Amino acid sequence: MKRDSRDGAHPATPPTATYRLQLQPAFPFTAAERAVPYLASLGVSHLHLSPVLEAVPGSAHGYDVTDHTSVRAELGGEDGLRSLARTAHAHGLGLVLDIVPNHMAVPAPEHLNGPLWEVLRDGPASPYARWFDIDWAEHGGKVLMPLLAGRLGDELGAFTVDDNTLRYHDHVLPLRPGTERLPLPELLDAQWYRPAWWRLARTELNRRRFFTVSELIAVRAEDPEVFAATHAKVLRLLREGVLDGLRVDHPDGLADPAGYLARLHEETGGRWTVVEKILSRDEPLPDGWPVAGTTGYDALRHVDGLFTDPAGAAELTAFYRAFASPPADRGGDWPETVRRAARRMVSHELAAEVERLVRVAVRICDASWRLRDHAPWALRTALCEILVRLPVYRPYARPGEPVAPADAALLDEAAQGARSAFAVPEEAAAVEVVRDAALGRLGDGPEHRDFCARFAQTAAAVRAKSAEDTAFYRYAPLLSATEVGGAPDRPAVPPDAFHAFCARIQRDWPATGTVLTTHDTKRSADVRARIAALSEHPHGWAELIDRLHAGHPAPDPHVAWTAWQNAFGLGTPDPLRLVPAVVKGVREAALRTTWTEPNAAYEAAVESFVVTGPCGPAHRELTAFAEEAEPSVRANTLGAALLQLTMPGVPDLYMGTERLYPALVDPDNRRPPRFPGDEPDGLSADKLHLTRTALRLRRAHPEWFVGTDATYEPLTATGPAAGHCVAFARSGRAVTVATRLPHRLAAGGGWGDTALALPGGGAWRELLTGRACPERVPLSRLLHRFPVALLVRE
């Protein structure tokens, strides 16, 4: 369905381009304000700010919100934000803000989160109890607080009572009035919370959290009063013109994303809003959501895939399997790797969430004569088997409403596979109970609504943690493909699929966001561009890895393959950055060590290998290999940048990415930027020139690129090398041309007489070089200076 700005889903003036600033104490509002003139000169229309509400002291990301009523003092407070807005507006820039509706921090000391503090003090009678999704029926009506270093009995000596508070190291907890003089065991029993060993969070936690992070407590934004209290400050800043648009973090964690977004749309007056929705390969964004679109990971997947050689990626996969010999479910086969990781999540890291669902399912069955006698173990098995088979984050069913065909098909397919886990057909009937409860078909009472919402929220956590945070670190043939929203088993995207994607978002979501690098990407776009070049050099890479591994053996071949690829992508032998990224990778993979059960000897061996191998003298061999791959790296880097800046949607540039920006997984990608920095040279200078040129064109002619009146037209070159050219026209006035797979292009004899016919006739000028172009331009001439071109009709 083509969307019209008049329906309110897409305000008439979306940004032409946004620039993401990762605010933190080391880069507060004043630093952002000083950068405004430089950022305005690039050609963006809006600054995109990371969360600005009060957060845990020292937080480098701001997603651990502690107070929704105030702007973060460490960043400069509300005065600092307003000053930034005034300076930005004076330079023609607006502000887009990242907001966090799904969760708050459980900080130490706990009083930093005022609403949580009152709940811990006053229990379910607190007016703030409705803020948090707490199962008060568990643990004797107490909130489990898994903050102890050891078992409670071993930690009693670390507690002190002072000034009506209970202290444990950095933790400060409230005491119920009149309990402060009780002996410690009785005092602990008298509270509305239960201090517990941190390991119990996995199985005993009775409050919803963000994924597996027990230091974050989920917020019930579906409650109108909670919504009003947690959004009042942001909505006031919008009404007063300080803010101009929103990015909504993790909508799939909400009980009712559609209802939340409808309320947000109404309260903001239809401001430009995008959602951090991670779409799987062929998954559409729910059509009824009143937003401009996603934050752009779907665009990232299509752009990256366009510069990946499908044949070379297949060869790399074969070499990887021969080199690392991973079993099918531990990196040798993508679907099995994801499923094994998901089983670990539902039985280990997310066991508490699964058990909560089982309890609700049992109550639903006990309340119905038709459903009685389903054993809890059968319901648990059915639930786990369905969860591990979901290929997307979650369904969006709501009890009492018709089920969307896509959601029904999704659960039906998962249920069909889940039945194979049962030997007795009568016991397998539990699968249908879970499926129908997840789709809201069994009723619309409180228990049914609870199960339906909690199932979807748990499914999102299972998918995120099993695929992106585990399987992506186990399945490693081509690390550029293991990115948020990616499909590492099918990393390449042919031009016709890319064009189809662009046409679809121009038709359905013309003001959606597009990204290449974010605070959450595991590698920046420029690192991925270098790694993707390996798909054009699979044999050379396999021979190099064999040689490097023989001279500098890693603790295991999987680590060798991933560490050398990361080192090649980073481009510099920097152990202070590469070692943490590789160690994080082996912990996330959870094959030989984990975050909660670290293998110190193994991790020490990994660190030693990275320092002496990829960061040692052998890095010279990577540099030599990079010289051979340089044409591919250059084409990938500049091509991806230009496509994002000119394809349908609103491009979001991450801080520093207007130049070469080699960054690995967080916290490496959250280093404070330097603006404007030294004038770059080489490829970095070319990227800056390209970015400025494209952004300024967008700002001068937004109607060509954004909105329902803009158009997208694929262009096809003619000649022997036509498949190496991807080109499109925007609104008949601007044309983008990029080179793909230049190594194979050169091996085939180059462009030859391949040419591109520019649409509509008339005179054209190429902006990167300033040269005039004929209506039919030979690609050897057009792409002589750069592997990309940006043309405008004179």
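Quick caveat, the model's predicted, so the values are computed rather than measured.
- Side chains of Glu267 and His231: no donor on one and acceptor on the other come within 3.5 Å.
- Note on Arg151 versus Glu155: no salt bridge recorded, every NZ/NE/NH1/NH2 to OD/OE distance being 4.0 Å or above.
- Taking the charged nitrogens against the carboxylate oxygens, Arg281 and Asp489 do have a contact shorter than 4.0 Å, which makes a salt bridge.
- Salt bridge status for Asp133 with Arg220: absent, with no side-chain N to carboxylate O gap under 4.0 Å.
- In summary, Glu447 and Arg363 engage in a salt bridge, as defined by a charged side-chain N under 4.0 Å from a carboxylate O.
- The distance from atom CZ of Arg490 to atom CZ of Arg301, rounded to the nearest 0.5 Å, is 10.0 Å.
- A 4.5 Å side-chain heavy-atom check between Gln191 and Leu120 finds every atom pair outside the cut-off.
- Looking at Lys465 and Thr212, their side chains come closer than 4.5 Å, going by heavy atoms from C-beta outward.
- Taking CG from Leu316 and CG from Leu479, the interatomic distance works out to 10.0 Å, rounded to the nearest 0.5 Å.
- Of the charged side-chain nitrogens involved, none lies within less than 4.0 Å of a carboxylate oxygen, so that Asp666 and Lys522 do not count as a salt-bridged pair.
- Side-chain contact of Tyr128 with Asp122: a donor-acceptor pair under 3.5 Å is absent, judged by distance alone.
- When all heavy atoms of Val338 and Ala471 are compared, the closest pair comes out as CG2-CB, 3.9 Å.
- For the atom pair Leu379 CG and His374 NE2, the distance stands at 7.0 Å (nearest 0.5 Å).
- Here the side chain of Arg247 pairs no donor or acceptor atom with the backbone of Ile99 at under 3.5 angstrom.
- Taking 4.0 Å as the cut-off between side-chain N and carboxylate O, Arg344 and Glu349 count as a salt-bridged pair.
- Between Arg263 and Glu266 there is no salt bridge, since no side-chain N of the basic residue sits under 4.0 Å from a carboxylate O of the acidic one.
- A salt bridge links Glu597 to Arg199: at least one charged side-chain nitrogen sits closer than 4.0 Å to a carboxylate oxygen.
- Nearest approach of His68 to Val100, heavy atoms of both residues: NE2-O, 4.3 Å.
- Remark: Asp252 engages Lys277 in a salt bridge, criterion side-chain N to carboxylate O under 4.0 Å.
- Side-chain contact between Val358 and Leu383 is present, with at least one heavy-atom pair separated by less than 4.5 Å.
- Between Thr308 and Val493 there is no side-chain heavy-atom pair separated by less than 4.5 Å.
- Considering every non-hydrogen atom in both Val226 and Thr230, the closest pair reads O-OG1, 2.7 Å.
- Panel note: side chain Thr594, backbone Ala590; no donor-acceptor pair is recorded below 3.5 Å.
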Can you give me every donor-acceptor pair (side chain of residues 435-445, partner residue at least two apart or in another chain, under 3.5 Å) with its distance?
residue, atom, partner, partner atom, Å
Asp436, OD1, Arg441, NH1, 3.3

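- A donor and an acceptor atom, one from each side chain of Tyr260 and Glu222, are nowhere located under 3.5 Å apart.
- Under a 3.5 Å cut-off, the side chain of Lys142 and the backbone N or O of Asp189 do form a donor-acceptor pair.
- Side-chain contact check for His348 and Arg202: at least one donor-acceptor pair (N or O, by modelled atom type) lies under 3.5 Å.
- At distances below 3.5 Å, not a single donor-acceptor pair connects side-chain atoms of Asp329 with backbone N or O atoms of Glu336.
- Within the 4.5 Å cutoff, the side chain of Asp556 has heavy atoms near those of the Val559 side chain.
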- Task: Just do the side chain to side chain donor-acceptor pair (under 3.5 Å) check on Tyr297 and Thr521 with the steps written out, would you?
- Result: CA-CA 9 Å; Tyr297 288 112; Thr521 46; over 6 Å; no
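- For the residue pair Thr593/Glu603, the side-chain donor-acceptor check at 3.5 Å is satisfied.
- Under the 3.5 Å distance criterion, the side-chain polar atoms of Thr512 are matched with a main-chain donor or acceptor of Thr294.
- With hydrogens and angles ignored, the 3.5 Å screen pairs a side-chain donor or acceptor of Trp561 with a backbone N or O of Pro477.
- Geometrically, Arg372 engages Trp369 in a cation-pi contact, judged by NZ or CZ lying under 6.0 Å from the ring centre and within 45° of the ring axis.
- Side-chain contact between Val291 and Leu285 is present, with at least one heavy-atom pair separated by less than 4.5 Å.
- For Thr337 and Arg474, the side-chain atoms include no donor-acceptor pair closer than 3.5 Å.
- His103 places no side-chain N or O within donor-acceptor distance of the main-chain N or O of Val65, the cut-off being under 3.5 Å.
- The aromatic rings of Phe451 and Phe455 lie parallel to each other, with less than 30° between the two planes, well short of the 60° mark.
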- Step-by-step salt bridge (Lys or Arg N to Asp or Glu O under 4.0 Å) determination, Glu413 to Arg389: CA-CA 8 Å; Glu413 183 175 353; Arg389 286 174 167 79; over 6 Å; no
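- Side chains of Pro101 and Val219 form no contact here, defined as non-hydrogen atoms less than 4.5 Å apart.
- With respect to Arg356 and Glu138, no salt bridge is recorded, no charged nitrogen being found less than 4.0 Å from a carboxylate O.
- For the pair Arg207 and Phe132, the cation-pi test (distance below 6.0 Å, angle within 45°) is failed.
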- Message: Is there a salt bridge (Lys or Arg N to Asp or Glu O under 4.0 Å) between Arg419 and Glu432? Walk through the geometry before answering.
- Response: CA-CA 9 Å; Arg419 292 183 67 90; Glu432 279 65 46; 2.6 Å; yes
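- For the pair Arg523 and Glu483, the salt-bridge criterion is not met [side-chain N within less than 4.0 Å of a carboxylate O].
- Ion pairing of Asp469 with Lys584 is absent here, as no side-chain N (NZ or NE/NH1/NH2) approaches a carboxylate O to less than 4.0 Å.
- Between Val106 and Ser214, the closest side-chain pair of non-hydrogen atoms is not below 4.5 Å.
- Screening residues 392-420 for ring-ring contact (aromatic ring centres under 6.0 Å, His included), with sequence neighbours left out, gives Trp289-Tyr396.
- Taken to the nearest 0.5 Å, the CG atom of Leu148 stands 5.0 Å off from the OH atom of Tyr168.
- Listed here is the closest heavy atom pair of His448 and Pro399: O-CG, 3.9 Å.
- Between atom CG of residue Leu264 and atom CG of residue Leu254 there is a gap of 10.0 Å, rounded to the nearest 0.5 Å.
- Evaluation of the ring-ring contact (aromatic ring centres under 6.0 Å, His included) test over residues 460-486, restricted to residues two or more places apart or in two chains, returns Trp334-Phe472, Trp334-Tyr475.
- Ring geometry, His519 versus Tyr63: the interplanar angle falls under 30°, so the pair is classed parallel (tilted spans 30 to 60°).
- Enclosure of atom CD in Glu401 by more than 12 non-hydrogen atoms of other residues, nucleotides or ligands within 6.0 angstrom is indicated.
- Remark: Thr295 OG1 to Glu276 CD distance equals 5.5 Å, nearest 0.5 Å.
- In this structure, Ser126 contributes its side chain and Gly123 its backbone to no donor-acceptor pair below 3.5 Å.
- Salt-bridge check for Arg359 with Asp135: passed, with a basic side-chain N closer than 4.0 Å to an acidic carboxylate O.
- Across every non-hydrogen atom of Tyr193 and Pro174, the tightest pair is OH-O, 2.6 Å.
- If you run side chain to side chain donor-acceptor pair (under 3.5 Å) between Glu353 and each of Arg209, Gln457, Arg208, only Arg209 comes through.
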